2 protein chains.
Amino acid sequence: MSATNTNVPDPILATDDECPVREILDRVGDKWSVLIVCLLGRRVHRFSELHRGIDGISQRMLTLTLRALVRDGLVDRTVHAAVPPRVDYELTELGRTLLVPLSALDQWATAHRSDIQAARERYDNA
Amino acid sequence: MSATNTNVPDPILATDDECPVREILDRVGDKWSVLIVCLLGRRVHRFSELHRGIDGISQRMLTLTLRALVRDGLVDRTVHAAVPPRVDYELTELGRTLLVPLSALDQWATAHRSDIQAARERYDNA
DNA sequence: CAGCATCCGTGGAGATACTG
DNA sequence: CAGTATCTCCACGGATGCTG
């Protein structure tokens, strides 16, 4: 079953009671987390920058998602005592390591976007 | 900002209007898709095998998720004319390539599971 | 500026029962 | 066995208004 015409390996992923992949997807597979991580992967952002940078996100969801990311140790939040207030968000070391597997997914998505699109159209015409 | 004490690169992910990563997460970041893909990554499964193999999934969600995976060209469905009926599901070539970035995520999750756990406890005690 | 509080609509997902 | 068909519920997320 692994004998195909490609040289793509067949990684074995744990699927028992709690699959590690699903664990992170539960915390990063939501609507906004990855977008935020991507933006912060480029540089430090303050709250309003993220709000403007992520199209369609509400203030509420930005707040909630950031809080979750901070809680999980993926993002650092630093409040600058100043008037007006200024809060900076940046990836932690841990968050930066997450960029690696994410970019792998990104490359896959970019490479096979059209394949999926084609498969879907094929399916829908039936 | 990329100058840290690790040798982890800083991949730049597209975050514009439609980020490719988010696109697949929309289709594979749901509750069951990845689990199914993981199982099928090991070998062909029939419907009832998947149902038993994935703890907690309902017949309904298994059906719906499989249909979506088939539609996107990640899974092949073959009906064997027999009594009782028998339907086999297996990864397509495209689906098998997806295992690669998924296993990257899996490795990250496995490696940093405890880090996240620790960060969360630290956060909650405050 | 950077949030928090509140209300509310939607659809993702579970439970159950039925069928080719 | 491998699904469909309904009903239902709740959590995700949007909109709006208010504060240190």
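First the proteins, then the strands, lettered A, B, ... as listed; each starts at 1. Being a predicted model, the structure only gives us computed values, none of them experimental.
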A:Ser48 vs C:dA2: side-chain N/O to OP1/OP2 distance below 4.0 Å
yes

Over how many whole Å does the gap from A:Leu66 atom CG to C:dG3 atom C1' extend?
11 Å

Send over the distance from B:Arg60 CZ to C:dG12 C1', rounded to a whole Å.
8 Å

Any side-chain heavy atom of A:Leu66 sitting closer than 4.5 Å to one from A:Phe47?
yes

So, the side chain of B:Thr92 versus the backbone of B:Asp76: is there a donor-acceptor pair under 3.5 Å, distance only?
no

Going 5' to 3' along DNA chain D, which are the first and last nucleotides with any atom under 4.0 Å from a heavy atom of chain A?
D:dG13 to D:dG20

Within this structure, what is the CZ-to-C1' distance between A:Arg52 and C:dC1, rounded to whole angstrom?
10 Å

Nearest whole angstrom, please: distance from the C1' of C:dG12 to the CG of A:Asp26.
14 Å

For A:Gln59 and C:dC7, what is the distance between atoms CD and C1' respectively, to the nearest whole Å?
17 Å

Regarding A:Arg71 and B:Asp124, does a basic nitrogen lie under 4.0 Å from an acidic carboxylate oxygen?
yes

Note: B:Arg120-A:Asp72 ion pair, threshold 4.0 Å (strictly below)
yes

Expressed in angstrom and rounded to an integer, what is the separation of A:Phe47 atom CZ from C:dC4 atom C1'?
10 Å

Nearest heavy-atom contact between B:Ser33 and B:Arg27 is OG-O, 3.6 Å

Whole angstrom value for the distance that separates P of C:dG11 from CG of B:Leu64:
15 Å

Please compare A:Thr65 and A:Pro85 by the position of their nearest nucleotide in DNA chain D and report the one closer to 5'.
A:Thr65

For B:Met61 and A:Arg67, take the nucleotide of DNA chain C holding the closest heavy atom to each; which residue's nucleotide lies nearer the 5' end?
A:Arg67

Rounded to whole Å, CD1 of B:Ile57 lies from P of C:dT16 at a distance of 17 Å

Between B:Leu25 and the options A:Leu102, A:Val34, A:Leu35, the side-chain contact (heavy atoms from CB on, under 4.5 Å) test singles out A:Val34

Quick test of your reading of the model: are B:Glu93 and B:Arg96 salt-bridged, counting only N-O distances below 4.0 Å?
yes

